[in-house]
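Keep in mind that this is a model prediction, so the values were computed, not measured.
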Amino acid sequence: MASSSSSSRPGWDYDVFLSFRGEDTRKNFTDHLFTALQKAKVRTFRDDDELRIGEEISLQLPKAIQESKISIVVFSKGYASSTWCLDELEKILDCKHTTGQIVIPVFYDIDPSDIRKQTGSFAEAFDKHEERFKEEMEKVHKWRKALVEAADLSGLDPHSIANGHESKLIQKIVEVVSSKLNPRFLSDDRPLKRLKTTMISGGGLLDDAEEKQITNTFVRDWLAEYKDAVYEAEDFLDEIAYEAEAQTFINPPGIMGLREIEEKSRGLQESLDYLVKQKDALGLINRTGKEPSSTKRPTTSLVDERRVYGRDYDREAILKLLVSDDANGENPGVVRIVGMGGVGKTTLAQLVYNHSEVQRCFNLKAWVCVSEDFSVSKLTKVILEEVGSKSDSGSLNQLQIQLKERFRENKFLLVLDDVWEENYAEWDTLLTPLKSGAQGSKILVTTRNERVASVMSTVQTRHLKELTEDSCWFLFAKHAFGDENPIAQEELKKIGRAITKKCKGLPLAAKSLGGLLCNEREVEEWRDILESNLWDLPKDNILPALRLSYLYLVPHLKQCFAYCAIFPKDYSFRKDELVLLWMAEGFLVRSAVDDEMEKAGAKCFDDLLSRSFFQQSSASRSSFVMHDLMHDLATHVSGQFCFSSSLRGNNSSKATRRTRHLSLAVDTEDTDGEDTEDGDTEGVFSSTILENIREAQHLRTFRTSLDNQMCPPEFDKIFQSTHCRLRVISLSNCAGVAKMLCSISKLKHLRYLDLSWSDLVTLPEEVSALLNLQTLILKRCQQLASLPDLGNLKYLRHLNLEATRIERLPESLERLINLRYLNIKYTPLKEMPQYIGQLAKLQTLTDFLVGRQSETSIKELGKLRHLRGELHIGNLQNVVDARDAVEANLKGREHLDELRFTWDGDTHDPQHVTSTLEKLEPNRNVKDLEIDGYGGVRFPEWVGKSSFSNIVSLRLSRCTNCTFLPPLGQLASLERLSIEAFDKVEIVGSEFYGNCTAMKKPFESLKTLRFEGMPEWREWISDEGSREGFPLLEELLIQECPNLAKALPCHHLPRVTSLTIRGCKQLATPLPRFPEWVGESYLSNIVSLKLIRCTNSTSLPPLGQLASLERLSIEAFDKVEIVGSELYGNCTALKKPFESLKTLSFRRMSEWREWISDEGSREAFPLLEELLIEECPNLAKALPCHHLPRVTSLTIGGCEQLATPLPRFPGLLSLIVFDLHSLESLPEEIDQMGCSPSDLGKIIIHRCASLKGVALDLLPKLNFLRILDCPDLESLCANERPLNDLTSLHSLEIEGCPKLVSFPKGGLPAPVLTQLDLYDCKNLKQLPESMPSLLPSLNRLGIYGCSEVELCPEGVFPPHYNYFGFVIATNSLQAACNGAC
């Protein structure tokens, strides 16, 4: 029978579970302890039955352990001899990890080291266990591991605590248990519950206050006070929860006293009560779930087309969608115009509605302004009225019957302008009577929300982007100047152009600001508008247009959007990045199961994206940005609670006591990507900004990226503040970050820690005290080699260790039971930690490295049932039994999109390798597949099987034993295919294409095909059935296939735009003969062509007639001596050779001597913009006398025999020259090339041994000049007189010019020069004169190896210079510079 004490508490069945070895302690110590716990009214479970050695643990005991708050484990000398006790201990520690059970070890008559090391009586016991459980050694291993963990816990020892007095030890245990069960601040939680209730009830007023604050300053002040009070209350409740948690895992650094708790709770309650009571005086009501009351002016179908700019292309695209008649499509078809508020959706719809083509195509037209009220009855009535029918019926049924009859067999266009409703049932009801219309009928919807009208399966969407800057200007000018000519108002035009830049392409903004200035002709008034915040302008309708989108958001989405004000403008962010930040801040609505937080965050993001608050970045499909005016809106609605600034900025705004979210950005244009000397941050951080942020003592978010600069001491003061409530710290790319982490254990609220790209060497142990931590990002911490014990971080969900030096993950990883994301890409890990399969909630695991032990075998992968996204399974050579691969169950992982299989060791048994890959067959949903290092002779049947119809990308590499390629031609969705390092493949033939049929072309979707590193490949053959393959191929690359000799197959390749052939030495001609293979009909669409290392070719192929060719690169044709008429092809008077070519480069042509053009080819290259000739040492004769009016960029280098003058380049803007020994002076020799020196903007000169002078005074538009290793350079001026103003020069760098002694007399008059670098000019005596006055913009000065510079002119270093470097300098220079710094 089990016995227990009698008292009970809610939340668990037992207060204490007492685990002990009965024969050692039952009749004395444990009896006395049990009695003392009873007297203290602690409900305790213990087993009174005599235990038999080796007997298995009863079913009752695990249940009792699981239902206990605390387990007391009494260790004695005979403890390990009982398998019952060991099983109990294993279960107790499991509950510690999963439920946070408190474990108190008592070391009764035994040293903890004997338990930890399993020596003495414990060694004897385990000798017997290992003998008895030979076939179950995993069980013995788990017992040993449990003992080690328990011995490391802070426990109670009678000798050290009670001087051997058993009664005092028992008293101490009872005290500890009582303190754990009855934390002072939780003895009465009614005040806390009341506080939470008040926060919830008051939150219902926020929607109403958000809207009314626009016109009522009292409401605005109330809203700020209320949000501030809620932040305070949330932080208070979070701290209490932390301290309750901390008692389970650690000794908290400081627990609040009961009086402090009560006083603070009372104060917060009073503040909230006071604010809520003000609702009646302010007229606030609970609007939860109700729509905003603000209304929008209704629109009509009329438009003044003379005032519409930049929408021709969009209009044509919409017209095309409307007039197309898809007989198989759903009727009526729905076309959506989606975009942010003010982008011009209604105007575009008006343009289309009134177009003559629409008048011709549709019998009936109707325009309905829907706005916020999507009432089916009301809309049906309005539609009837629009088509000339009226109805007085109030019955929806009668209205719909009438509408159905009116539209029957009529082809109609219905415009629904400004729709917000996304409810499926409402849309379905509205559309039902409209289906009676004739085929080809259309509904045109304008909306801010992409989900609107998605009830229709055939919805076509046009995302409306912002206007171009020129179109925006024309629109602004039309409203600002009317019919006046803005040219007559030159100063206003200049300011107006700047104003339209602020509009960021938003027509509504341009129109509003133009209208605001239409009666103003004073320059100062225009300048005031330019310098004003758009949100502060009078009579402005930009804000209402955008704010309406915000007011329609549910409360948690408003919070999520406003938070985005911490990002700088134009900041590019990822979806997962923002979701993790929202999660850390507590913004996400938790579903019934905590597992859904990431899913809830993704839904929030998608909602904001679909409503045009976010836009996809043009730079990356996985990144997003906010329109500037949307960012302004976020800043506006977040108020004082978000503060974002540049560290170098001269921003006068300040963070306040209410600021909770703070972001500091480094202006990378100022730092220029360089480190400061010795990591000094002087000059990097604006003292004003750092002073401004000191007021923010209650921060929740602190984000900065310092571009590898040292963290300033002010940051440490923020973290050590007694008021610090930080939940998010992001110190990406910061040096010296380790110093900032010394006191990190005090950050009780911290949930998100990003130290990516920092110089961390070790992660401090203090991190293990961050019990609330959810996200830990250590990506690219390239010196980080180890992690501390992370086992206490039971809420950790996201761990990113990408590209660190960590070779071994901590064993405590298996205790991170809530971990969802583990990124270990590009780390030197050799295998996974033991029992990785216990991380049952893991969803993203980038790499699984197979070990040879059962605890690290591939079978562990099968336990991770929720994996999704990408997965690399490496070290597959360690799979001992191929049958283990079945247990990985990749077939059942339907959410794994990207799979990579890698063998990195000996694959001496090809059959075993084939069997392993065969059993790793993935789910049919896989989209991206890579197989690397495979040692089988053939591929399993599933590779290339047509049922894998979702594969888009496939890479096969280092399959060195395969003699044939697998049949891949029937993978219907395959777009990218890469075949690399198949050492034994000699022929690519019909097997590659698979089973060809007349109905299905091989490789029907393939766009990119690459063959690389195939040393034995000789021939590519296609039979009759496969010649229709590759119908969509755009890019073909063949490189390092030295034995490929026979012509490529005669496929019809109409879509190929890029062709690269490199390192194919046996191809006598790098392409099959022209024109049979290429000609007009084969590669007529090719845009880019690269021919590289075709070393047997003695002449170039005729490429001049490739009509679409824009980029041509020819490299390493070792035997070509003359480039002549054969390159141009068959010239005719009607067709100029290379008529579309824009970029031409020749590189590493070692025997090339001459470039010849005949009469018929001199009109070639009419559009050429860039010409590059490098490493052609024997090229001696002048380049052909082509007329090249469009060439703006010329690079010539490594052509030692080439003599100047060069051909004429009248439009040259950029010149790069190196190793051209005939060049003596610039710009005189540029004149001889037909160039206008006055147009040159960029010059780079490297290793030109004869160059003596560069006349800066003759290069007025020069903005960038770099001169490197020109030993004879003496002068930067054509004569001795002072230079004219160099008004365009931004950057000047001179290196390795020993004969340069001084700068031109009078200094460098370069008012916009920001960078001046002088390296290894050993005889340079003096810096430019009058630098403070002539170089006012200079903020970077680098001086290296200029040992003769003695004189430092007075005031040479203004205080705003932020970069100095002195490597070899005299003492006087160093002293002067130190004084300036």
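Side-chain atoms of Leu965 and Phe1011, non-hydrogen and from C-beta on, do get closer than 4.5 Å to each other. Using a 4.5 Å heavy-atom cutoff, the side chains of Cys1041 and Met1014 are in contact. You'll find the side chain of Leu890 reaches within 4.5 Å of the side chain of Phe901, heavy atoms only. Residues Tyr826 and Arg780 have side chains in contact (heavy-atom distance under 4.5 Å, counting atoms from C-beta outward). Counting heavy atoms from C-beta outward, Gln853 and Glu831 have side chains that stay 4.5 Å or more apart. Considering only heavy atoms from C-beta on, Leu867 comes within 4.5 Å of Leu861 through its side chain. Two residues are said to be in side-chain contact when any heavy atoms from C-beta on lie closer than 4.5 Å; Val880 and Arg852 meet this criterion. Counting only heavy atoms from C-beta outward, the side chains of Cys1064 and Ile1038 approach each other to under 4.5 Å.
Of the possible polar contacts, one joining the Gln616 side chain to the Arg621 backbone as a donor-acceptor pair under 3.5 Å is found. Side chain of Asn950 to main chain of Val926: no donor-acceptor pair is present (N/O by atom type, distance under 3.5 Å, no hydrogens or angles). A distance-only check finds no donor-acceptor pair linking the side chain of Lys891 to the backbone of Val886 [under 3.5 Å]. Listed for the Asp928 side chain is no donor-acceptor partner under 3.5 Å among the backbone atoms of Val952. Between the side chain of Thr804 and the main chain of Leu801, a donor-acceptor pair closer than 3.5 Å is present. Under a 3.5 Å cut-off, the side chain of Ser915 and the backbone N or O of Gln911 do not form any donor-acceptor pair. Under the 3.5 Å distance criterion, the side-chain polar atoms of Lys1142 are left unmatched by any main-chain donor or acceptor of Ser1140. Proximity of a side-chain donor or acceptor of Glu860 to a complementary backbone N or O of Gly837 within less than 3.5 Å is detected. A side-chain donor-acceptor contact under 3.5 Å links Gln970 to the backbone of Tyr993. Counting only distance, with no hydrogens or angles, the side chain of His895 and the backbone of Gln843 share no donor-acceptor pair below 3.5 Å.
Minimum heavy-atom separation, Ala840 to His866: O-CD2, 3.1 Å. Cys962 and Val985 make their closest contact through O-CG2, 3.6 Å (heavy atoms, listed as atom of the first residue, atom of the second, distance). Across Gly936 and Asn961, no two heavy atoms sit closer than the pair O-CB, 3.5 Å. For the residue pair Leu871 and Leu845, the shortest heavy atom distance occurs at CD1-O, 3.2 Å. Shown here for Leu1109 and Val1087, the closest heavy-atom pair between the two residues is CD1-O, 3.5 Å. Minimum interatomic distance between Arg462 and Asp314 (heavy atoms only, all atoms of both residues): NH2-OD1, 3.0 Å.
Residue Lys1090 places its NZ atom among 12 or fewer non-hydrogen atoms of other residues, nucleotides or ligands, all under 6.0 Å distant. Environment of CZ in Arg924: crowded, with over 12 heavy atoms of neighbouring residues, nucleotides or ligands closer than 6.0 Å.
Of the residues listed (Met597, Lys841, Arg868), the one engaging Arg820 in a side-chain contact (heavy atoms from CB on, under 4.5 Å) is Lys841, and it is the only one. Across Phe982, Trp1020, Phe964, Phe1003, a single residue satisfies ring-ring contact (aromatic ring centres under 6.0 Å, His included) together with Phe992, and that is Phe1003. Screening Leu1103, Ile1114, Leu1141 against Leu1089 for a side-chain contact (heavy atoms from CB on, under 4.5 Å) leaves a single residue, Leu1103.
Here the straight-line distance linking atom NZ of Lys830 with atom CG of Asn878 works out to 11.5 Å at 0.5 Å rounding. For the atom pair Thr1057 OG1 and Leu1036 CG, the distance stands at 11.0 Å (nearest 0.5 Å). A distance of 11.5 Å separates CZ in Arg900 from CD1 in Ile873, rounded to the nearest 0.5 Å. Atom NZ of Lys825 and atom NE2 of His872 lie 11.5 Å apart (nearest 0.5 Å). To the nearest 0.5 Å, atom CE of residue Met832 and atom CG of residue Asp847 are 7.5 Å apart. Note that the CD atom of Glu577 and the OG atom of Ser623 stand 8.5 Å from one another [nearest 0.5 Å].
Using a 3.5 Å distance cut-off with no hydrogens or angles, the side chains of Thr846 and Tyr821 do not pair a donor with an acceptor. Counting only N and O atoms by type, the side chains of Arg336 and Thr461 include a donor and acceptor under 3.5 Å apart.
We find that Glu921 and Lys945 are not joined by a salt bridge, their nearest charged nitrogen and carboxylate oxygen being 4.0 Å or further apart.
Partners of Lys859 by side chain to side chain contact (heavy atoms under 4.5 Å, CB included), not counting sequence neighbours, listed by chain and number: Ser857, Asp884, Glu887. Residues that satisfy the ring-ring contact (aromatic ring centres under 6.0 Å, His included) test with Phe848, not counting sequence neighbours, are absent from this structure. Residues satisfying the side chain to side chain donor-acceptor pair (under 3.5 Å) test with Asp576, not counting sequence neighbours, are Arg574. Under the ring-ring contact (aromatic ring centres under 6.0 Å, His included) criterion, Phe614 pairs with Phe573, Phe605, sequence neighbours left out.
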Open item on the list: Would Glu598 and His798 count as a side-chain contact (heavy atoms from CB on, under 4.5 Å) here? Give the steps.
Closed with: CA-CA 10 Å; Glu598 286 85 356; His798 185 103; over 6 Å; no

Task: Trace of the side-chain contact (heavy atoms from CB on, under 4.5 Å) decision for Asn823 with Thr844 - done: CA-CA 8 Å; Asn823 185 343; Thr844 298; over 6 Å; no

- [ ] Please test His463 against Gln615 for side chain to side chain donor-acceptor pair (under 3.5 Å), starting from the C-alpha separation and ending with a verdict.
- [x] CA-CA 10 Å; His463 290 96; Gln615 301 171 344; over 6 Å; no

Open item on the list: Glu894 vs Asn925, test: side chain to side chain donor-acceptor pair (under 3.5 Å). Steps then yes/no.
Closed with: CA-CA 6 Å; Glu894 60 182 23; Asn925 289 336; 4.8 Å; no

TODO: Just do the side-chain contact (heavy atoms from CB on, under 4.5 Å) check on Thr916 and Ile858 with the steps written out, would you?
DONE: CA-CA 11 Å; Thr916 300; Ile858 198 170; 5.8 Å; no

Got a list of side-chain donor-acceptor pairs under 3.5 Å for residues 937-944, not counting sequence neighbours?
{"from": "Trp942", "atom 1": "NE1", "to": "Leu917", "atom 2": "O", "distance (Å)": "3.0"}

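For residues 952-963, every residue pair satisfying the salt bridge (Lys or Arg N to Asp or Glu O under 4.0 Å) rule, not counting sequence neighbours, is listed here: Asp904-Arg958, Glu930-Arg955, Asp932-Arg958, Arg955-Glu980.
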